[in-house]
There are 2 protein chains.
Amino acid sequence: MDTRWLDDDERAAWLKLMAVVELLPGALDTQLRRDSGLSHFEYFVLAMLSEAPERTLRMTQLGRLTNATLTRLSHVSRRLDERGLIERFQCPEDGRATNARLTEKGWQTVVQAAPGHVGTVRATVLDALTPEQVGQLHAIADAVLPRLDPDRRLAVLYDETAPSDIAS
Amino acid sequence: MDTRWLDDDERAAWLKLMAVVELLPGALDTQLRRDSGLSHFEYFVLAMLSEAPERTLRMTQLGRLTNATLTRLSHVSRRLDERGLIERFQCPEDGRATNARLTEKGWQTVVQAAPGHVGTVRATVLDALTPEQVGQLHAIADAVLPRLDPDRRLAVLYDETAPSDIAS
DNA sequence: ACGGTTTGGTTGTAGCGTCAACTAAAGCCT
DNA sequence: AGGCTTTAGTTGACGCTACAACCAAACCGT
């Protein structure tokens, strides 16, 4: 199988993208840990719950939203439970399912963490871009995401037209 | 402190970028593990060595190129050594330093892994973009990277054109 | 040349994520 | 009703990474 290698433009764009992908998670994680004692993933879990009806989600749906395996989510939610940021209880309609609900303490934690997080998002990415570039980034991600996420597991997050069956 | 929240365009672009950042490493990792038995990080370490003079680098420099702590690199290079893909030896000029050199087996491994990896890069990202978008991505990353990498730790990767071989 | 500091790297420990195995409830078929 | 399959989630063991402590070589001022 003969390989189409990358030309100079492609190679440069790719390496820069890889650098961003490599550095961005660490930047977000560092700020959140320092200022709020949360990993980025933990913050994201709490943020998803904070936007859900009743601040409650089934584990499976929460896993889809956060791109986590059920195993990972089970471990993380147990720790968040032990820290009093969420609580878990068996779903009344389906005895197999577990619901995770944000506690008042968890809500306060998200509310306090959000400004600093948004500030980091601005400082590292958005404020560095012109409005045109924000639009271009939008379009580039739209072109790439169907290939990265063919099953549209994360579509609820990035596609406004996605069916948001979060409520059930 | 007043928070400048994200407007709709910013929020949409941000969520899409986050989805890409979340999904891309997994996609690369899955393909490389399946086809070559390497994590993406291990592949990247071998690729950096493959382009270095004598296929040899000091641990510290290799750590900079791969954005890894020395601790992480020490563990990974020990495993790669045990698998016979690299070898380590004390640097003659500086007794403190350790040099890592790609073995012939390591070289063969990289050469075998590269086409599939480049194929994945094309399939997931580059082939989804128009040439204009590749240029835009280039510019967007250029705007963002000084903020993500103020110390220019990874600048060698994304700034100057590097030796044009396998290093994607 | 010698004591303190800095630099380069390794090791131990603990936390997080993954894989495989498991439990339990729900659905389905007859 | 009884039994098989599917779905939801948890648990335990193991691998990888970060943090801290550590060791050794090189550097530096006196």
Side-chain angles (χ1 to χ4, degrees), chain A residues 22-23 25-34 37-46 56-83 85-101 153 165-166 168, chain B residues 22-23 25-34 37-46 56-83 85-101 151 153:
Chain A
E22 178 73 25
L23 293 167
L28 301 177
D29 227 63
T30 299
Q31 181 270 326
L32 278 167
R33 274 187 201 283
R34 173 169 44 84
L38 296 169
S39 71
H40 180 248
F41 181 72
E42 289 169 335
Y43 171 80
F44 205 76
V45 167
L46 299 184
T56 303
L57 285 173
R58 299 253 274 253
M59 294 291 280
T60 300
Q61 288 159 340
L62 189 53
R64 281 180 60 95
L65 286 173
T66 57
N67 192 36
T69 62
L70 221 39
T71 298
R72 179 183 185 186
L73 191 60
S74 183
H75 287 305
V76 169
S77 62
R78 178 179 44 73
R79 288 170 218 138
L80 291 174
D81 193 339
E82 288 164 359
R83 292 166 64 181
L85 300 177
I86 70 170
E87 53 193 359
R88 292 177 295 168
F89 57 96
Q90 198 175 33
C91 177
E93 293 96 6
D94 187 336
R96 299 168 297 181
T98 303
N99 282 335
R101 179 168 49 208
R153 292 172 31 83
D165 54 353
I166 297 178
S168 76
Chain B
E22 178 73 24
L23 293 167
L28 301 178
D29 227 65
T30 298
Q31 181 270 325
L32 278 167
R33 275 187 199 282
R34 173 168 44 84
L38 295 170
S39 70
H40 181 247
F41 180 72
E42 290 169 334
Y43 171 80
F44 204 76
V45 167
L46 299 183
T56 303
L57 285 173
R58 299 255 275 256
M59 294 290 281
T60 299
Q61 189 174 357
L62 188 54
R64 280 179 59 93
L65 285 173
T66 57
N67 191 36
T69 63
L70 222 38
T71 297
R72 180 183 184 185
L73 190 59
S74 182
H75 287 302
V76 169
S77 61
R78 178 179 43 73
R79 286 172 222 137
L80 291 174
D81 192 340
E82 288 164 0
R83 292 167 64 181
L85 301 177
I86 69 170
E87 54 193 357
R88 292 177 295 167
F89 57 97
Q90 198 175 33
C91 177
E93 293 96 8
D94 186 337
R96 297 169 296 182
T98 303
N99 282 334
R101 179 167 50 209
D151 300 334
R153 291 171 33 81

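All chains are named by letter (A, B, ...) in the order of the sequence lines, taking the proteins before the strands, and each is independently numbered beginning at 1. All values below come from the heavy atoms of this structure, side chains included, with hydrogens, waters and symmetry mates left out.
- No side-chain heavy atom of Q31(A) sits less than 4.5 Å from a side-chain heavy atom of H40(A).
- Remark: the backbone N or O of C91(A) is not paired with any side-chain donor or acceptor of N99(A) at under 3.5 angstrom.
- With hydrogens and angles ignored, the 3.5 Å screen pairs a side-chain donor or acceptor of T30(A) with a backbone N or O of G26(A).
- In plain terms, the two heavy atoms of R88(B) and S74(B) that are nearest each other are NH1-O, 4.1 Å.
- In terms of the ring-ring contact (aromatic ring centres under 6.0 Å, His included) criterion, residue partners of Y43(A) (sequence neighbours excluded) are, by chain and number, H117(A).
- A heavy atom lying under 4.0 Å from DNA chain C marks the following residues of residues 90-97 of chain B, by number: R96(B), A97(B).
- Residues meeting the salt bridge (charged side-chain N to carboxylate O under 4.0 Å, His left out) test with E93(A), sequence neighbours left out: none.
- Side chains of F89(B) and T56(B) form a contact here, defined as non-hydrogen atoms less than 4.5 Å apart.
- Partner of L57(A) under the side-chain contact (heavy atoms from CB on, under 4.5 Å) criterion, out of I86(A), L62(A), V45(A): L62(A) alone.
- With respect to the salt-bridge test (charged N to carboxylate O, under 4.0 angstrom), the residues R83(B) and E42(B) qualify.
- You can see that DNA chain C meets the heavy atoms of chain B within a 4.0 Å-exclusive cut from dT7(C) to dG12(C), reading 5' to 3'.
- Partners of R96(B) according to the salt bridge (charged side-chain N to carboxylate O under 4.0 Å, His left out) rule, which considers only residues two or more places apart in sequence or in another chain, are D94(B).
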Summary of protein contacts for nucleotides 10-19 of chain D, nucleotide by nucleotide, where a base hit scores B, a sugar-phosphate-only hit scores S (4.0 Å, heavy atoms): BBB---SBBB
